[in-house]
Amino acid sequence: MPERTRKMRISFFKKLLILMVVVNIPLVLSISVFCYHSMRAIRKDTVQTVRTNQQSLVDIMETDVKYVEQQLYYISNMDDWNVLRETSRKEITYDGIHALNQFRGRFQNVLGTSRLFTDIWANIETANLRFSVNEGIGDFDKEEYEALNSFGGEYTRFKSGKGNLYITSRNGWNHDISISTAAELDLEKVRSLMAGDRSFLNEQMILVFHAEPEPVYVCVGVSDEVFKAVAGKKDLTVEDGEDFLKQMILVHTPSIMGDFDIYSLVSENDISAAMQEFYVRLFWILAGSFLVVLSYGIIVSKMLQKPVRILSEGFRKVEMGDFAVRLSRGGDDEFAVLYQRFNTMVEKVARLIDENYVKELYVQKAVFRQLQSQINPHFLYNSFFVLQNMIREEDNENAAEFALSLSRYYKFITKTEREEVLLEEEMEHARTYLEIMKKRYGHRMEYRIRCEDTACLKISVPRLILQPFIENVFIHGFHAGREALQVSLYVVRDEGDILVVVEDNGTGMEEQRLKDLSEELNKGSGKNDSAVFNINRRLRIKFGSSYGVSLGSSETGGCRIDLRIPGNAE
């Protein structure tokens, strides 16, 4: 089997595999994006659900704490305190007993409407008296009094001691420090409330009370590792949780009172557990779909491989010039029709190749000879007239150079056996012509020739594609009384192509006329036989319709001619 056919077959199979992969890419990407966004949505919903439950718990606690604190403040401002202050436990009067019952009733009413508090009491130092809802009347507890009223210059709502948590009301309107009231928060009730608000079975919750002298932690389902990590940080944020606890989402809700914070930690596995079974099924569906598509691709490749190889071999023979090749296939499928069309195409190509290809060669030669026939005889007459004046004035050196330039000029244009030359030779012929015109016009004209990349000059181009444009500069752009005529000829690279530019500072061309000529050049009109159109057709015949001549206005005021040729032409 020829190497070229083998490479083609392998390339076709690879392309088919790539096509299958590309067909599956949108599906895989869509599912991946769906999974990604579903996990993000679940994660987001989880955080939102946990935060909602946390906020509900915070609202309940804030409401209860504020209510009890407010009631303690109101109770501490009652006038009945004066009766208790002026009595003692050993000599309680009828008024004192009445006042105690009043306070006890109010304390019970507060506890009856509170969800989280378990006891309320009052310490009266002057009366050596302490009474509470749960324990009744007792002696003044100095240690408790000092512990709950040591504010350190700043009021703190929560106080801690012996593993319990309290809120205090220091005194009433008269700022009497001999009386203090306090309420004990039932941590078991708080823990039960937290457990009832968990969003996940394995959710770990920590409620931190910023109490004095040390914080109090209420935990539900918290491991030692999590407790140590949370208890070791004063300002715990969600980002911190993700950094030091792997596969755990930390949700934090602070109290607007500033006295406590709730933290919940949820395992990533608990969140994704509901989706894992779905992902497993989705994976097997994708794997099965891929195998089906792969099998289909292999079968189709085998079915296409042989007829495509035969067709490729037929094209290869035609490419080598064998127009006698014919393809046959049994049946009436698409390849049979394709083989029949191939045979018809080869027959037509064999029949038309002489008619069109040979005709095109004659057209090129005819166009070239037509251009040669347009050489202006007045140029020859004027040149001899200039040479005669130089000899008459005994300017032998310039006469010799002028004669040498003329000989080079006519030697180049009379070489009819060569239809193409190097761009370097064409540029040198243009230089010769400009030197002749410089001798003729003297200081009234100047010219510049430059080339950025000398490799461009090694490109083969049709002969006589520059001198006619330069000649037009002197015919149409040169007028007496103007400043010195400047002609520029340069070669540059432009995005892989080569631009040969001829521009001048002559009289230029009217905008409408320039526009009309440009449109005719772009259309490749064959009605105009001038040098510009002949050169444009010759360049397009050789290099293709993307190349040729374009007209424009020069920045110096005259005309600009661009000849575009491919940079890799041979």
Side-chain angles (χ1 to χ4, degrees), residues 371 374-376 378-379 382-383 386 402 405 409 423-424 426-453 456-457 461-462 464-495 497-525 528-540 546-565:
L371 181 62
Q374 293 178 343
I375 298 176
N376 190 350
H378 295 288
F379 172 76
N382 291 332
S383 298
V386 171
F402 189 76
S405 296
Y409 174 81
L423 181 58
E424 181 180 22
E426 190 68 19
M427 293 284 289
E428 186 60 30
H429 175 66
R431 184 190 300 274
T432 300
Y433 180 80
L434 286 169
E435 190 61 31
I436 293 172
M437 301 308 289
K438 176 66 177 176
K439 295 292 185 183
R440 178 177 174 183
Y441 291 102
H443 66 277
R444 290 187 296 164
M445 69 86 62
E446 299 175 357
Y447 71 88
R448 291 178 297 179
I449 299 177
R450 64 183 175 87
C451 178
E452 295 180 352
D453 185 0
C456 299
L457 302 179
V461 297
L464 293 175
I465 61 172
L466 297 180
Q467 182 253 324
F469 293 114
I470 299 175
E471 184 177 352
N472 281 340
V473 173
F474 292 93
I475 296 174
H476 303 291
F478 194 100
H479 292 281
R482 289 180 53 84
E483 59 183 0
L485 179 65
Q486 296 180 353
V487 181
S488 296
L489 173 62
Y490 54 90
V491 180
V492 296
R493 287 196 178 272
D494 181 39
E495 298 181 354
D497 293 338
I498 297 175
L499 278 184
V500 184
V501 182
V502 179
E503 62 178 348
D504 63 84
N505 66 339
T507 56
M509 189 180 300
E510 293 182 359
E511 183 177 353
Q512 186 59 43
R513 176 59 177 163
L514 183 63
K515 181 179 179 181
D516 294 340
L517 287 177
S518 298
E519 290 180 356
E520 289 186 47
L521 284 172
N522 290 333
K523 294 178 181 178
S525 175
N528 197 318
D529 293 330
S530 64
V532 175
F533 288 88
N534 283 337
I535 294 173
N536 183 57
R537 284 196 295 271
R538 292 171 63 200
L539 290 176
R540 289 193 172 188
S546 300
Y547 302 94
V549 180
S550 60
L551 303 178
S553 296
S554 172
E555 294 180 356
T556 58
C559 287
R560 170 176 169 146
I561 311 293
D562 290 352
L563 286 79
R564 181 177 294 273
I565 59 177

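Since the model is a prediction, treat every value here as computed from it, not as a measurement.
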Restricting to side chain to side chain contact (heavy atoms under 4.5 Å, CB included), what partner residues turn up for [X], sequence neighbours left out?
| X | answer |
| --- | --- |
| Asp453 | Ala455, Cys456, Arg493 |
| Glu452 | Arg450, Val492 |
| Thr556 | Asn505, Ser554 |

Q | salt bridge (charged side-chain N to carboxylate O under 4.0 Å, His left out) partners for Lys438, two or more places apart | A |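 Result, salt bridge (charged side-chain N to carboxylate O under 4.0 Å, His left out) vs Lys438: none returned.
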Q) Looking at residues at least two apart in the chain, or sitting in another chain, which of them share a salt bridge (charged side-chain N to carboxylate O under 4.0 Å, His left out) with Asp516? A)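 In terms of salt bridge (charged side-chain N to carboxylate O under 4.0 Å, His left out), with neighbours along the sequence ignored, Asp516 is linked to no residue.
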So, for [X] and [Y], which heavy atoms are closest and what is the spacing to 0.1 Å?
| X | Y | answer |
| --- | --- | --- |
| Gly548 | Asn536 | CA-OD1, 3.4 Å |
| Glu426 | Pro462 | OE1-O, 4.2 Å |
| Leu464 | Arg538 | O-NH1, 3.7 Å |

Nearest 0.5 Å, please: how far is [atom2] in [Y] from [atom1] in [X]?
| X | Y | atom1 | atom2 | answer |
| --- | --- | --- | --- | --- |
| Phe469 | Ile535 | CZ | CD1 | 4.0 Å |
| Arg440 | Met445 | CZ | CE | 11.0 Å |
| Met509 | Leu517 | CE | CG | 5.5 Å |
| Glu424 | Cys451 | CD | SG | 9.0 Å |
| Phe402 | Lys439 | CZ | NZ | 9.0 Å |
| Glu520 | Asn522 | CD | CG | 10.5 Å |

Does [X] reach the side chain of [Y], with side-chain heavy atoms less than 4.5 Å apart?
| X | Y | answer |
| --- | --- | --- |
| Ile561 | Leu551 | yes |
| Ile436 | Tyr409 | yes |
| Leu434 | Phe474 | yes |
| Met427 | Arg431 | no |
| Leu489 | Val500 | yes |

Counterpart residues, side-chain hydrogen bond (donor to acceptor under 3.5 Å, both in side chains), relative to [X] (two or more places apart):
| X | result |
| --- | --- |
| Glu446 | none |
| Arg448 | Ser488 |
| Gln486 | none |
| Arg564 | Asp494, Asp497 |

Q) Would Asn472 and Val532 count as a side chain to side chain contact (heavy atoms under 4.5 Å, CB included) if you check the C-alpha gap in whole Å, the side-chain angles of each, and the deciding distance to 0.1 Å? A) CA-CA 10 Å; Asn472 281 340; Val532 175; 4.2 Å; yes
